[in-house]
Amino acid sequence: DLERIEVMKSPGSVLFGSGALGGAIQMITRRAPFAAASRWSGEWTEGVSAVDGGASHALSAERSAERTALRVSAAYRDGDDTSTPRGDLLNSKYTDWNLGTSLGVRTWGGQSLFASWQRSQAENTGIPGGSPFAATATATYRLAMRERFALEYLLPNLTARLPLLTVRLSHQDIARNVEILQSPTVTVTPHATHATASAQVESRLLPATNHVLTVGAEAWQRRLDSRRERVLAATNRTVGERPVPRSSNASAGLYAQDDWTVAHDRLRVVLGARRDWSRTRNDATLNPDYVIIGGIRQEPTPGQTLLWSAGSSRDQSWDASAGLHAQLAPVVAARLLVATAYRSPSLEERYQYLDLGGVLHVGDPQLRPERSRSVNLGARAELRSLTLDADVFLNALTDLVTETAGTFQGRSAFVKTNVGEARLYGFECSAELRLGARHAVSASLASVRGEDTGRHVELPQVAPIAAGAEWSVDGARAGTLRVGLTATHAQDRPAPDEARTAGWTTWRAAWTSAPWNAARASFRVRAGCDNLFDRAYRRHLSTLRGLVRLEPGRAAWLSVNASFGGAR
C-alpha cells in the first residue's frame with residue numbers, strides 16, 4: 001500500500017515536531033487518482049519465502065473517475081519459525097493481515113476531500129526474545145492491532161498568494177495483548193491501548209517573488225491505558241497491575257518555513273522556525289491494582305502500595321533551521337544545514353514499570369525533553385557517467401534519555417534518566433558509475449560515533465562503520481538483475497552495558513522480470529535471495545533483543561504480480 005518512502009536524514013525541517021532529532025521518515029500511502037474518464041484497475045500479488053516457510057497474498061482494486069477516486073486493498077501473511085545458520089529461532093512464527101480503503105471526492109471549485117481507513121492486525125505471533133523477558137519465558141502476541149481513520153481536505157488556488165490550504169484530521173488506535181509463560185505455573189498477560197488524535201491546518205503561501213512560505217498549526221493528543229495480570233496457578237491467585245498509569249500527552253504547535261530561490265535557481269535558502277507546547281498528565285497508580293483469590297476479588301487489596309502519584313507537567317520547546325543549497329558549477333553542488341530540534345519523552349519513558357520476570361525497567365515522570373543542535377555539510381558532483389555524494393555531520397545532544405543501573409523501591413532496576421550531554425558525529429558517502437546504457441555499479445560507506453560527553457563513555461545503540469556495493473544490469477526482455485553486498489566492521493566501542501559484536505559481510509541477489517502481457521493483464525516475476533552464503537552474523541542494533549542472537553540465514557523469496565486495467 002506504500003506509494004513511496006521519503007527519508008530526511010537531518011532535523012532540517014520544522015514541519016515535524018517532537019522526535020525529529022536526527023530526521024524523519026514519511027510513508028506516503030497509495031490512493032487512487034482522479035481521471036477524466038471512469039476506469040477500473042487492480043493488482044494481485046502472491047509471494048513465498050524459504051527462510052520461514054512464509055506465504056503472502058495481496059489484492060487491491062481502484063476506481064478512478066472525474067469526481068470520485070476509490071481504492072481498496074487487503075493482504076495476509078503467515079510464516080513459521082525463522083531459520084538461522086545455527087538452527088531455528090524458536091517462537092518467531094507470525095500471522096498478520098491488513099485492510100485499507102481510501103475515497104476521494106471532488107466537491108466544488110477544484111476542492112477535494114479524501115477519507116481513509118487502515119487496519120493492520122497480528123494474531124498468535126511469537127516474540128522470540130527481549131531483554132525484559134526471563135531467559136526461560138515464552139512470549140506471544142495474542143493480538144497486536146493498529147486502526148487509523150483520517151480525513152484530508154484540499155482547497156487549491158484560493159487566491160493568487162494562497163495556492164493551497166490543507167486541513168487534516170486523524171484518529172489512531174493501537175492495541176497490544178501479550179501472553180508470557182514465565183513458568184508452568186506463572187502466566188503474565190500485559191495488554192494496552194494507545195489512542196492518538198490529531199488535527200492540522202497548513203497553508204502554502206507566495207508572499208514574494210521566488211519565495212514559497214509554508215505556515216501551519218497542529219495539535220495532537222495521545223492517551224494510554226496499560227494493564228497487566230499475573231496468573232499464579234499454584235495458589236489460584238490473579239494479581240492485576242498497571243505497568244504504566246492511565247496517562248495522556250497533549251501537544252500544540254505553530255510552524256513556518258520559507259523556501260527562497262535566487263540567482264537563477266543556482267542558490268536556494270530554506271529558513272524555518274517552530275514552537276510547541278505540551279502537557280503530560282497521569283492518574284494515581286496503586287500496585288497491585290487488585291488481587292483475585294479463588295475467583296473472589298479481595299477488598300481491601302492486600303499489600304497495596306502507591307506506585308505513581310497523580311500529577312501533571314508542562315513543557316515548551318522550539319525548533320529552528322537554516323539551510324543553503326548552492327550550484328557551484330554545472331556539475332558540482334554544495335549544501336549546508338544548521339538546525340535544532342527536540343523530543344519530548346514518551347509516556348512509557350516517564351511512567352514505565354516493566355517487571356516481566358527479568359530485570360526491572362522503570363521510568364521517571366520528571367524527564368526533560370531531549371534537545372539537538374546539528375550541522376550538516378555536503379557536496380554532490382554529477383559527471384558524465386559518475387555521480388559522487390558526500391556528507392559530514394555533527395549532532396550535539398543534551399538531556400538525552402537512556403537507561404542507567406539503579407534501584408527502585410529497594411530493587412535493582414534500569415531507570416530512565418537524562419544523561420546530560422552527548423554527541424553524534426560521522427560521515428557518509430556514495431558513488432554510482434554507469435558502465436553503459438544497461439550497467440551500473442554503486443557503493444556507499446557510512447560511519448557514526450556516539451559519545452556521552454558527560455560521563456566520557458560510548459552511547460548505546462550506535463552502529464559500527466558499514467559499507468555496501470551493488471552491480472545492476474538491465475537485460476531488457478531478460479529483466480533486471482542486481483547483485484550486492486553489505487559489510488560492517490566490528491563494534492569494538494560498545495556502551496558500558498552492551499556486548500561487542502563482530503564484523504560481517506553478507507551477499508544478496510535479486511531479479512525482476514520484464515513485464516509481459518496476457519489477455520488483459522500484465523505480469524511480473526520477482527525473485528531473490530538475501531544472505532546468499534548463509535552467514536551467521538548479528539546486527540549490533542539488535543543487541544537489545546535478548547535471546548535473538550543471529551539474523552536469518554539464507555533467505556530465498558519469490559513473488560508474482562498481476563496488474564489489470566492499467567494498474568501501477
Side-chain angles (χ1 to χ4, degrees), residues 6 8 11-29 100 102 113-120 145-155 164-176 192-204 214-226 244-257 272-283 311-321 340-352 363 365 367-372 401:
E6 297 177 350
M8 287 143 279
S13 175
V14 299
L15 306 182
F16 304 93
S18 171
L21 290 179
I25 299 176
Q26 187 163 251
M27 299 184 179
I28 310 300
T29 306
S102 66
L113 172 67
F114 290 90
S116 64
W117 169 77
Q118 302 168 353
R119 184 181 178 102
S120 300
M145 181 275 292
R146 169 187 176 271
E147 187 170 39
R148 182 176 185 269
F149 298 89
L151 292 173
E152 183 179 71
Y153 196 79
L154 304 176
L155 298 91
L164 181 63
L165 178 66
T166 306
V167 180
R168 301 182 181 97
L169 301 172
S170 71
H171 180 86
Q172 176 177 274
D173 288 316
I174 294 176
R176 296 189 180 113
T193 57
H194 312 248
T196 304
S198 67
Q200 182 185 45
V201 178
E202 185 176 276
S203 61
R204 192 73 54 86
T214 302
V215 179
E218 66 176 341
W220 57 266
Q221 179 174 262
R222 179 186 174 213
R223 294 181 179 273
L224 174 60
D225 186 3
S226 179
V244 178
R246 189 190 300 272
S247 52
S248 66
N249 187 12
S251 178
L254 303 172
Y255 58 89
Q257 180 169 288
R274 181 185 182 105
R275 184 75 173 183
D276 289 275
W277 299 264
S278 66
R279 184 184 66 179
T280 303
R281 302 179 64 181
N282 72 281
D283 294 345
S312 65
S313 62
R314 296 177 182 271
D315 293 319
Q316 295 187 37
S317 300
W318 59 274
D319 296 352
S321 62
T340 182
Y342 83 99
R343 186 185 74 87
S344 181
S346 68
L347 296 175
E348 290 86 350
E349 288 173 322
R350 293 178 186 271
Y351 304 112
Q352 183 182 64
L367 288 172
R368 300 179 299 276
E370 298 177 338
R371 292 218 55 87
S372 159
V401 175

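Just so it is clear, the structure is predicted and the values come from calculations on it, not from any experiment.
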Side chain to side chain contact (heavy atoms under 4.5 Å, CB included) between R350 and S247: does it pass, once the steps are laid out?
-> CA-CA 10 Å; R350 293 178 186 271; S247 52; over 6 Å; no
Got a donor-acceptor contact below 3.5 angstrom from the S344 side chain to the S18 backbone?
-> no
For the student: nearest non-hydrogen atoms of L224 and A192, plus distance | CD1-CB, 4.3 Å
Closest approach of S198 to W220 (non-hydrogen atoms, all atoms of both residues) = CB-CB, 3.8 Å
Determine yes or no for a side-chain-to-main-chain donor-acceptor pair under 3.5 angstrom, with S203 supplying the side chain and V215 the backbone.
-> yes
Do Q316 and R275 have side-chain atoms, one donor and one acceptor, less than 3.5 Å apart?
-> yes
Where L367 and P345 come nearest, the two heavy atoms and their spacing = CB-CG, 3.7 Å
Is atom CG of L164 surrounded by more than 12 heavy atoms (other residues, nucleotides or ligands) closer than 6.0 Å?
-> yes
Any donor-acceptor pair under 3.5 Å linking the side chain of T340 with the backbone of S372?
-> yes
Residues, nucleotides or ligands: over 12 heavy atoms within 6.0 Å of R281 CZ | no
Only one of E370, R371, R368 clears side-chain contact (heavy atoms from CB on, under 4.5 Å) with Y342; which?
-> R371
Greater than 12 external heavy atoms within 6.0 Å of R223's CZ = no
Taking the side chain as every heavy atom from C-beta outward, state whether D173 and T193 have any pair of such atoms under 4.5 Å apart.
-> no
Side-chain donor or acceptor of R343 paired with backbone N/O of G19 under 3.5 Å = no
Mind listing the closest non-hydrogen atom pair of R274 and L15 along with its distance?
-> NH1-O, 3.5 Å
Work out which heavy atom in L154 is nearest to a heavy atom in F114; give both atom names and the distance.
-> CD1-CE1, 4.0 Å
Minimum heavy-atom separation for S251 to D276, with atom names?
-> OG-OD1, 4.1 Å
Side chains of T29 and M27: does their closest heavy-atom pair fall under 4.5 Å?
-> no
